[in-house]
Amino acid sequence: MSRYYLTTSIPYPSGEPHVGHSFEMITADAMARYRRLRGQDVFFLGGLDENSQRVSRSAREEGIEPQAYVDQAAVRFRTAWDLVGVEFDDFVRTTEPRHLQTVRAFYQRVFDSGDIYLGRYEGWYCVRCEAFYGDDELVDGCCPTHRVPPEWVEEDNYFFALSRYQEPLLELYEQRPDFVWPESRRNEMLGFLRQGLKDFSISRATGGWGLPLPNDPSHVIYVWFDALINYITGIGFGQPGGDDLFAQRWPADVHVVGKDIVRFHAIYWPAMLMAAGVEVPRQVCVHGWVNFAGEELSQSGGHVVRPAEVVERFGSDALRYFLLREVAYERDGDFTWEGMARRYQHDLGNDLGNLVLRSTSMLHRYLDGVAPELTNLTSQESELRAAEQTAWEVAAHQYENWRFHLALAAVWRYVTAVNQYIERTEPWRLARDDARQSRLRTVLAMLMDALPRIATMIRPAIPQTADAIEEQLGIVGRPAVWGDDGGVIEAGQQVPGGPPLFPRLDG
Ligand code: MSP
């Protein structure tokens, strides 16, 4: 069985997770679920970036200890991911002892390679993005991402000799054109690489919150150096008994990250791995940002939409569907309440929900809920089969390429085709005509044939709905496999049916 190891970035624990963060987790979760349906042995890792300076500042502002602060945050973040159906196989909190073990082992290997040295840092530091900036990178004297003035830092720091890796990285990009995806981000990184790389500081002499530097505990490890290592902590690197898991899982198939942190993943991290003599990941996959009605969704901008608010009004799958359907992965997208309501009502309620409701209700009304045999097929059924075939193929291709919006559009074309099949075959007329009972049975059998397939096609995106459909069809617990060849509901089987999947919302 082929293995697939994917990771999300690990957010900072300050504040509340918002819909923008959940985009990354939901898309990665949809990919993990899709790969499982394809029979792959998937390992899906998430985590929380708990050693940042921001943590100690926020904790101080709230008058609590940093550890208490991150413990509370970890509950908040994990609850938010549970709520939107994101199921990690493991979750690394960077304050965990196992992470410290991995960081120490990794650091030692980089240190032994001679790529770490003591130097002096003078420059700007933005605590919000935990990044160092040169004068030339500031915009009007402010951090280019957060538009706030950075702090001037002058201190002795340990450095990582990133500049030595310019050539090896260029070679990597040359040999593996899909190392960074999409291509626009690859080009951005290539441009950055070609300008030449500066060594970067991997410790802070300010002490305080963070992991101690193994060879000089008066320093704490720079948060990005420690955070990136989470990707190997989760699979046992440098931990007692962890070698087998690490050998099985590494290199990661994909690190999923947002557009603002590509440089850390596509340049710093592979260079660190090369220095440690560890293989680099197969791909860094970059998504755009979700804005709120055209404006940045941020704590500071005031537009914070929390996943919980959306789930409360529309349900978890509706949020997942909206984000996956509405936002083209590599571009920026927009969250609006109107758009959310529209997708809920049209796509989920009218198209999908009604299809399931009217199919199962007709089966109850005309055949006491007992599935008939699928025989006597006509060209109408062949046409529907062709639409189904196209949906499997197109959706597979698009899911594989992170184009969830196109995958779902393809599935919805099939949903529409099934709805049109009902309009054309008019089972309610057939039911009134004694001579056409056999045709009625074929049509209803065809619908019972289609619904389990739709459940599988939507499963990566909206798993609770897939479960609910299977429950209404009486096929709970069947092993769902992508592209299965039907016959899931057997003739003579009782189909329970159920309430509307996406009831109309008041107000
Ligand atoms: N802690 C670092 C990541 C370390 S990974 C070793 C960090 N944290 S973050 O909380 O600022 O961002 C976490 C992820 O959320 C990033 O991939 C970032 O791009 C993503 N997003 C933050 N706001 C977002 C939107 N509005 N929309 C989509 N993704 C967004 O960076």
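Worth saying up front: this structure is predicted, and the values here are computed from it rather than measured. Just so you know, ligand 1 is whichever comes first in the structure, and atom 1 is the first atom listed for that ligand. Keep in mind that the numbers below use all heavy atoms, side chains included, and drop hydrogens, waters and symmetry copies.
- The line from CZ of R98 to CD of Q239 is 6.5 Å long, rounded to the nearest 0.5 Å.
- Of all non-hydrogen atoms in L273 and P281, the two that sit nearest each other are CD1-CD, 3.6 Å.
- Ligand 1 has an N or O atom lying under 3.5 Å from an N or O atom of D260, backbone or side chain.
- Short contacts between ligand 1 and G288, defined as distances under 4.0 Å to a heavy atom of the residue, involve ligand atoms 28 (C).
- Polar contact check, I10 against ligand 1: a nitrogen or oxygen pair lies under 3.5 Å apart.
- Judged as a ring pair (Phe, Tyr, Trp, His ring centres under 6.0 Å), and not counting sequence neighbours, the contacts of Y121 are F132.
- At least one N/O-N/O distance between E24 and ligand 1 falls below 3.5 Å.
- The N/O atoms of A227, backbone and side chain alike, include none that comes under 3.5 Å of an N/O atom in ligand 1.
- At a 3.5 angstrom cut-off on N or O pairs, G20 counts as close to ligand 1.
- An N or O contact shorter than 3.5 Å is missing between K259 and ligand 1 by distance.
- For G47, the closest heavy-atom approach to ligand 1 does not fall below 4.0 Å.
- Salt-bridge formation is not detected for the pair D347/R342: no Lys NZ or Arg NE/NH1/NH2 atom is positioned less than 4.0 Å from an Asp or Glu carboxylate oxygen.
- For Y344, the ring pair (Phe, Tyr, Trp, His ring centres under 6.0 Å) partners two or more places apart in sequence, or in a different chain, are F314, F502.
- Considering backbone and side-chain N/O atoms, D49 comes within less than 3.5 Å of an N/O atom of ligand 1.
- A centroid separation of less than 6.0 Å is found between the aromatic rings of F88 and F91.
- Polar contact with ligand 1: absent for V257 (N/O pair, distance under 3.5 Å).
- Every heavy atom of F264 sits 4.0 Å or more from the atoms of ligand 1.
- Ion pairing between a basic and an acidic side chain is recognised when a charged N comes within 4.0 Å of a carboxylate O; D178 and R282 show no such pairing.
- Of the possible donor and acceptor atoms, none in the side chain of R185 sits under 3.5 Å from a partner among the backbone N and O of K259.
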